[in-house]
Each structure stands twice: as structure tokens, then as C-alpha cells.
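The first residue in the sequence is number 1, and the count goes up from there.
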Amino acid sequence: MNKRKDARHPVGSILILSLALVALTSCAVGDQQMPEQAPTLPPASRGEYVVRVVAVQPDGVEAYIAHTRECTVPVWQGLRLAGTVTSVSVFELSEMDSTFPVTPPWRFLLVAELGPQGTADDLHAAESSSGCGKAPDDSLFTIIREERMTCTPNSCFASPEPSYPDAALGIDYLIEFIAVEETPASLAKYRDLMSRYFGPANGFLVERGLLQCFMALEMTGTMSEAPGEVAWNQVHLSDHWDEGEDVDWDSVYEELFRAEFSVELDDVWAEIPPIRGTSTGYRGRLVPDLCLH
């Protein structure tokens, strides 16, 4: 992991952005006693999500987008009218940063927020009955992994948008798939640190306009997975703008932790729960024709 916080300034690799997401979501408490409760902001959503990673060969991207737009989007529109889903975001992924071999390449991420009465089974049933859940050509796409997820408490602020006033051509997003060690202690520690410190820290940056959004989702159940793929259990999503070169992110986060949490950022670093291997990070771009907001 890298402790630099260039969350809006990529330099050839997503790894240098990891503190805004991975490092801030993976820090730990040192010897200094932490306050019982850290300041929090009201999350934009405490909803339940279906998160799906789709592999598409490079020459099949246009066909996949066309299939989804023509077949699947109408199904999602009907589900939204019925209150089953609230929103659907579809990202095209690029610029992988990982030590995991990924074949075929991960190319699309779907994040569907369920309505209050909606379930993941409702979404699947509608897609299956329409025939849209499978590719017309078996080689067109493969669902690599699909999970039920929920917002980590105090860690979801605003939502991804296909366009934004400060980004004329839309926003690039930083999307990271994180595999926290699957033990109750590690998962509980990670969730506690996110909820008390790292989620709220990014929430303050959203409130101040330095970030457009921040969402940290945690797994509640695996729906399907391809053999041998990375078994991530956290997904973090934030804007990844090319602007921001004049922002000293180290100072921003250090001062933020002192002011809002009365701790030193470096003291919140040493007790990170074990991460299996490394995170898998992508640069993501919303596909407006496939999104419902």
C-alpha cells in the first residue's frame, strides 16, 4: 500500500491514490487512546446493493454495451418503477493495478441499489425471465463475481454521477476491490476503523467539495463467483480526477485527523487488519446510457 493521498491526481497508476481509499480505509490505532466516538456526517444511503463484476474481451465492449442498453436497461427501468431498485450505476473499468493475474480482463462493474422492499433475488428473477441475464453469445461476457453488499456505517457520502459541474467531461472514479482477511476479528476491526475514522474523514471532504463522492461497501453474501477469482469483500469508490495538482493531500488528511478526531494520521496506521494479497484497483468511468439515477 502507498500512503500518498493523490485522490484526484493519477500518475500512471492507481496505487499512488490508495490513501484516499485503501490507506484511509486500512489504517489502525497506535498506542494513543482514541476517542470513543468520532464526528460523523449523515450517510447519503444505508441501502443494500448488488455488486457485479463482468469480464469482456476487448473486442466485445461495444457489443456488451449494446446488449445491456437494449435488453437489460428496460428491465431495470421496470424494476425502478416497481420500487425494486433505486439506482443502477455501470462503470467501464481500466488501468488495473494489482499483483493478481486477472484473465479474462475485468471490464465492467454494476452497482445496483435495491429499494426498501427489493431483494437481489427480485433483480435476478427479472433479468432471467427476460433472457437478459445471459449473453446471446456465450463468449460475449462472463460474470466474474456477484455479491450482496451494504454501506459500511458512516462511510457512504453522495453518489456517483455521470456528469458533474466541476468535470465537464464527467468524472473518473477510483474503484478498489479489497480482500480483508475473512475472520470475525479482522472484519470487525476493519469495519470499526472505517465507521469511526476513515469513512467520516472522506465524508468531510465530500462536504467541503474536495471529493464528489465516497462510498465504502461491505459484503453481506456472495451470490456467484468464477473459480479462481479474487474473493474481495469490500468495494470502495471515490472520484479520481486529473485535477487537484495543487492539493497537498498529505497535509489535508493529517490536518483533518487532528482537527476532527484528535489523533495523528500516522498513529492510525499500524494495526491494519490483514489483507489477503493486495487490493485490486481500477479507474472507472460511468456509462451514462446504462445508468439509472
Using 0.5 Å steps for rounding, measure from the OG atom of S89 to the CD atom of E161. 8.0 Å
Check step by step if salt bridge (Lys or Arg N to Asp or Glu O under 4.0 Å) holds for E62 and R69. CA-CA 11 Å; E62 291 185 5; R69 181 177 60 245; over 6 Å; no
Among E218, E182, E181, exactly one meets side-chain hydrogen bond (donor to acceptor under 3.5 Å, both in side chains) together with N233. Which residue is that? E182
Distance in Å, S224 OG paired with R52 CZ, rounded so as to fall on 0.5 Å steps: 8.0 Å
Donor-acceptor contact present, side-chain D239 to main-chain Q212, <3.5 Å: yes
Is there side-chain contact between Q57 and R107, with at least one heavy-atom pair below 4.5 Å? no
What closest approach, in Å, do C132 and H67 show between heavy atoms, and which atom pair accounts for it? O-NE2, 3.4 Å
Begin with the C-alpha distance, continue with both residues' side-chain angles, and end with the deciding distance and a verdict on ring pair (Phe, Tyr, Trp, His ring centres under 6.0 Å) for F108 and Y64. CA-CA 10 Å; F108 289 91; Y64 173 79; 4.6 Å; yes
Working to the nearest 0.5 Å, report the span between CD1 of I144 and CG of L109. 12.5 Å
Mind checking whether F177 and Y282 have parallel, tilted or perpendicular rings, split at 30° and 60°? perpendicular
Within the 4.5 Å heavy-atom criterion, are Q117 and T84 side-chain neighbours or not? no
When you compare the side chain of V180 with that of I178, does any pair of heavy atoms fall below 4.5 Å? yes
Short question: side chain of R196, backbone of F261 - any donor-acceptor pair under 3.5 Å? no
Is there a side-chain contact between F204 and E260 in this structure, where contact means two heavy atoms from C-beta onward sitting under 4.5 Å apart? yes
Sidechain-backbone polar pair: S129 side chain, A125 backbone, donor-acceptor under 3.5 Å: yes
Between V54 and V56, does the side-chain contact (heavy atoms from CB on, under 4.5 Å) criterion hold? Intermediate values first, please. CA-CA 6 Å; V54 180; V56 180; 3.9 Å; yes
Heavy-atom nearest pair, T86 first then G115, reads OG1-CA, 3.6 Å
Exercise: identify the closest heavy-atom pair between H293 and P160: CE1-O, 3.3 Å
Test side-chain contact (heavy atoms from CB on, under 4.5 Å) applied to L114 and Y49, step by step: CA-CA 6 Å; L114 299 172; Y49 294 81; over 6 Å; no
Determine the minimum heavy-atom distance between G47 and E113, stating which atoms define it. CA-OE2, 4.0 Å
By side chain to side chain donor-acceptor pair (under 3.5 Å), R145 pairs with (sequence neighbours left out) E147, T222, E225
Whether E92 and R283 form a salt bridge (side-chain N of Lys/Arg under 4.0 Å from carboxylate O of Asp/Glu) is what I want to check. no
Do you see a donor-acceptor pair shorter than 3.5 Å between the side chains of N202 and Y197? no
I want to check something: taking the side chain as every heavy atom from C-beta on, are V51 and L217 in contact at a cut-off of under 4.5 Å? yes
Step by step, would you call L286 with V90 a side-chain contact (heavy atoms from CB on, under 4.5 Å)? CA-CA 6 Å; L286 282 171; V90 177; 5.9 Å; no
Is the closest side-chain heavy-atom distance between L174 and F214 below 4.5 Å? no
Nearest-0.5 Å distance that lies between atom CZ in R258 and atom OH in Y253: 15.0 Å
Work out which heavy atom in S186 is nearest to a heavy atom in P274; give both atom names and the distance. OG-CD, 3.4 Å
Main-chain N/O of P153 paired with S195 side-chain donor or acceptor, under 3.5 Å: yes
To the nearest 0.5 Å, how far apart are CZ in F91 and CD1 in I175? 5.0 Å
Could you please spell out the steps behind the side-chain contact (heavy atoms from CB on, under 4.5 Å) verdict for M149 and T220? CA-CA 5 Å; M149 306 195 82; T220 59; 5.6 Å; no
What I'd like to find out is whether the side chain of D250 reaches to under 4.5 Å of the side chain of E254, using heavy atoms alone. yes
Does a side chain donor of either T119 or D122 reach within less than 3.5 Å of an acceptor in the other side chain? yes
Over all heavy atoms of both residues, which pair between F257 and A201 is shortest? Give the atoms and the distance, please. CE1-CB, 3.7 Å
Quick one, M194 and H236 - any side-chain contact, counting heavy atoms below 4.5 Å? yes
Rounded to the nearest 0.5 Å, the CG atom of L205 sits from the CG atom of L210 at a distance of 5.5 Å
Polar side chain donor-acceptor pair, E176 to W232, under 3.5 angstrom: no
